[in-house]
Amino acid sequence: MTHISLDPRDFRELIDQAVDAALCRLQAERHRDQAGRLLLGKREAAESLGMSISSLDRITFPRGSLRAVRLDGRVLYSLDSLRAWIAERESAGGQP
């Protein structure tokens, strides 16, 4: 019977290449607006604001004041619109 001994260090370069390739694929799959800025999906936007998706839906235009775009059948939020919405709430002294 043959005994094969594998050292995980032998696979470090292969694992690093696979991780890099996966990260590149994920980045390429993310939607971008016309200016090349990253757009966030509902879950990511809600997490970044520290609220639930249903709360995010309530504050999204036209009912609320947070702007979003529709792209490929999804509702997406630009980082700039999230920052502007937060700044508006902070200057008004209100809570997000």
Side-chain angles (χ1 to χ4, degrees):
M1 177 178 244
T2 305
H3 177 72
I4 299 175
S5 177
L6 299 175
D7 186 347
R9 291 174 289 188
D10 295 338
F11 298 103
R12 181 173 306 277
E13 184 178 345
L14 183 61
I15 291 170
D16 288 344
Q17 289 173 353
V19 168
D20 288 344
L23 290 174
C24 287
R25 278 193 312 276
L26 286 173
Q27 188 63 25
E29 290 173 3
R30 292 197 176 234
H31 293 284
R32 294 184 181 271
D33 66 5
Q34 293 173 349
R37 294 172 296 218
L38 185 64
L39 295 173
L40 303 178
K42 280 187 178 185
R43 185 183 62 206
E44 295 167 313
E47 288 174 1
S48 70
L49 293 174
M51 62 177 59
S52 68
I53 292 175
S54 60
S55 294
L56 180 67
D57 286 339
R58 284 193 295 276
I59 65 169
T60 300
F61 186 81
R63 292 180 297 222
S65 59
L66 179 60
R67 297 285 179 173
V69 295
R70 280 202 181 275
L71 183 64
D72 297 334
R74 296 179 58 203
V75 177
L76 301 168
Y77 301 85
S78 74
L79 296 174
D80 289 342
S81 69
L82 295 175
R83 288 183 189 112
W85 187 84
I86 291 169
E88 182 182 306
R89 294 298 165 289
E90 288 176 344
S91 67
Q95 293 287 334

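Quick caveat: nothing in here was measured; it's all calculated off a predicted structure. Residue numbers run from 1 in the order of the sequence given.
- Just one residue in the list Leu39, Val69, Thr60 forms a side chain to side chain contact (heavy atoms under 4.5 Å, CB included) with Tyr77, and that residue is Thr60.
- Residues Gly41 and Leu76 share a closest heavy-atom pair of CA-CD2, 3.8 Å.
- Considering every non-hydrogen atom in both Ser81 and Arg67, the closest pair reads OG-O, 3.4 Å.
- With sequence neighbours excluded, the residues that form a salt bridge (charged side-chain N to carboxylate O under 4.0 Å, His left out) with Arg83 are Asp80.
- Using a 4.5 Å cut-off between side-chain heavy atoms of Ile, Leu, Val, Met, Phe, Trp and Tyr, with links allowed through other members, Ile86 and Ile53 fall into different hydrophobic clusters.
- The two residues Lys42 and Leu56 make their nearest non-hydrogen contact at O-CD2, 3.4 Å.
- Nearest heavy-atom pair across Arg58 and Arg63 is O-CB, 3.9 Å.
- Between the CZ atom of Arg89 and the CD1 atom of Ile59 there is a distance of 7.0 Å, given to the nearest 0.5 Å.
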